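First the structure, in the form of structure tokens, and then the observations on it.
These figures come from a predicted structure and were not determined experimentally. Start at 1 with the first residue, then count along the sequence.
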Amino acid sequence: MLKRYDNTNPVMLNSAVCFVDILGFSQLIKDSFQQGTGNDLLKRLHKSLNEKIAELRPREDYVGVLKSFTDNIIIGKPIHEDGESQLGGIFLDFAAYQLSLTLEGFFVRGGVSIGEYYGDEEFAFGPALLKAYELESIHAKNPRIILSNEVVSLVNLHIGYYAEPMWAPQVRDLLKDNTDGKWFINYLEATMGDREPNDYVEAHSILQRHKEIIEHNLAKHKGNPKIYPKYEWAAQYHNYFCDLNSNAIVQYPKIAGIPNGNFSLIV
């Protein structure tokens, strides 16, 4: 029997939890009001977030809870059996969410943890939430959704189920940042669809848009030692992904003057 959060008897359950925040949200608001474009930003955010959050919202038969507040989202999923399904759902859902918001110019970062958690539409509680928030606020730094060490260990267990590790879906869903050893959700994988020939062509136009948005932010924040490195990281990730996936059918558009980041597959 699947475990569920019960608001008539709130009890923490062993759960997979993801906490995600929009990068530089406060500054976006300040800048927009200084420029007299506050309502324009409000309309963009309201439309984008409502649409994207609706796609993440649990279906009736879905075991889990989503809670959102303007610029952040929490999803908790009680772990059933070995947790592969719950974590896999988080990786896929948040890859699509992160890609969609990034293509609207809103970069996000976050953390995925496992542990005790309770959530409903009004309430979020537990050490797994604190860990996911810590990952986002302290360790993620760049526009990436990183995994806790416990989640990494569990994913390694799941990969061990496959006779050939490279066949494991997690190998496409995740990447490793070798600068600090953090695993993160490979959100650009969401551009590739089912990896049919037509999907590769469609991915080219999406990656072109991704490239242009990053280039805009690199130019905008050049010389700002606090903000520029975050978009430089995004550019390095973009270039790494393009090289990793370019093939005989299509060569993906890279960002000039930016080296590939120090990333690798997780196996």
Side-chain angles (χ1 to χ4, degrees), residues 20 22-24 28 44-45 47-49 51-52 55-56 88 90-110 112 140-147 166 168-179 182-222 227-267:
V20 170
I22 294 178
L23 196 63
L28 280 172
R44 281 180 60 214
L45 280 168
K47 181 176 185 296
S48 296
L49 291 176
E51 288 177 355
K52 308 320 174 198
E55 294 171 5
L56 287 174
I90 283 175
F91 300 154
L92 291 174
D93 290 347
F94 276 91
Y97 172 79
Q98 186 174 9
L99 175 64
S100 295
L101 283 188
T102 300
L103 293 176
E104 296 290 338
F106 303 119
F107 289 75
V108 305
R109 68 183 178 194
V112 182
K141 297 179 181 176
N142 297 308
R144 57 184 183 166
I145 302 174
I146 63 173
L147 278 55
M166 288 300 294
Q170 294 88 341
V171 174
R172 290 182 178 175
D173 296 341
L174 305 168
L175 287 174
K176 181 179 180 182
D177 188 335
N178 293 313
T179 59
K182 299 296 185 186
W183 290 22
F184 65 96
I185 294 177
N186 178 21
Y187 71 86
L188 286 177
E189 178 63 25
T191 66
M192 306 303 287
D194 294 325
R195 290 184 170 264
E196 299 293 336
N198 287 341
D199 294 327
Y200 293 131
V201 176
E202 176 66 19
H204 188 281
S205 63
I206 298 172
L207 288 166
Q208 178 64 33
R209 174 63 179 153
H210 188 256
K211 169 181 178 287
E212 292 167 357
I213 289 169
I214 293 173
E215 288 174 333
H216 169 78
N217 281 285
L218 287 171
K220 178 180 178 181
H221 298 291
K222 188 174 183 180
I227 300 177
Y228 182 86
K230 300 181 190 310
Y231 295 106
E232 185 178 36
W233 183 94
Q236 292 174 350
Y237 164 52
H238 173 96
N239 283 354
Y240 174 85
F241 184 86
C242 287
D243 271 353
L244 184 66
N245 290 279
S246 290
N247 52 56
I249 298 173
V250 62
Q251 296 291 307
Y252 293 115
K254 295 179 64 177
I255 298 170
I258 299 289
N260 288 6
N262 187 15
F263 306 112
S264 63
L265 299 175
I266 59 173
V267 297

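- The CG atom of D173 sits 8.0 Å away from the CD1 atom of I266 when rounded to the nearest 0.5 Å.
- A donor-acceptor pair under 3.5 Å is formed between the side chain of N239 and the backbone N or O of I258.
- Considering CG of L244 and CG of L265, their distance stands at 5.5 Å, rounded to 0.5 Å.
- Rounded to the nearest 0.5 angstrom, R172 CZ and M192 CE are separated by 8.5 Å.
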Should R144 and W233 be marked as a side chain to side chain contact (heavy atoms under 4.5 Å, CB included) after you check the CA-CA gap, both sets of side-chain angles, and the distance that decides it?
CA-CA 9 Å; R144 57 184 183 166; W233 183 94; 3.6 Å; yes

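- The shortest side-chain heavy-atom distance between Q208 and E212 falls under the 4.5 Å cut-off.
- Taking the side chain as every heavy atom from C-beta outward, F107 and N142 never approach each other to under 4.5 Å.
- Taking OG1 of T191 as the reference point, atom CD of E202 lies at 9.5 Å (rounded to 0.5 Å).
- For the residue pair Y237 / N186, a side-chain donor-acceptor distance below 3.5 Å is found, with atom types taken as modelled.
- When ring centroids are compared, Y187 and H210 come within the 6.0 Å threshold.
- Closest of all the heavy-atom pairs between G193 and D199 is C-OD2, 4.0 Å.
- The environment of NZ in K254 is crowded: more than 12 heavy-atom neighbours from other residues, nucleotides or ligands sit within 6.0 Å.
- Residues F241 and L207 have side chains in contact (heavy-atom distance under 4.5 Å, counting atoms from C-beta outward).
- Contact check for V201 versus V250: no side-chain heavy atoms found under the 4.5 Å cut-off.
- In this structure, L218 and I255 approach most closely via the heavy-atom pair CD1-CG2, 4.3 Å.
- When each of L175, D177, L174 is paired with W183, the side-chain contact (heavy atoms from CB on, under 4.5 Å) condition holds for L174 and for no other.
- For the residue pair N245/R195, the side-chain donor-acceptor check at 3.5 Å is satisfied.
- Ring pair H221/Y231 is parallel by interplanar angle, where below 30° counts as parallel and above 60° as perpendicular.
- For the pair R44 and F106, the minimum side-chain heavy-atom distance is below 4.5 Å.
- In this structure a side-chain-to-backbone donor-acceptor pair under 3.5 Å is missing from H238 to L188.
- Side chains of N217 and K230: no donor on one and acceptor on the other come within 3.5 Å.
- A distance below 6.0 Å separates the ring centres of F263 and F184.
- Contact record, C242 with P253: SG-O, 3.5 Å, taken as the closest heavy-atom pair.
- The shortest non-hydrogen separation linking Q251 to S246 is OE1-CB, 3.6 Å.
- A donor-acceptor contact shorter than 3.5 Å is absent between the side chain of R209 and the backbone of S205.
- A side-chain donor-acceptor contact under 3.5 Å links S264 and N178.
- Within the 4.5 Å cutoff, the side chain of E104 has no heavy atoms near those of the K47 side chain.
- From Q98, atom CD reaches atom CD1 of I145 across 4.0 Å, with rounding to the nearest 0.5 Å.
- Here Y97 contributes atom OH and I90 contributes atom CD1; the two are 14.0 Å apart, rounded to the nearest 0.5 Å.
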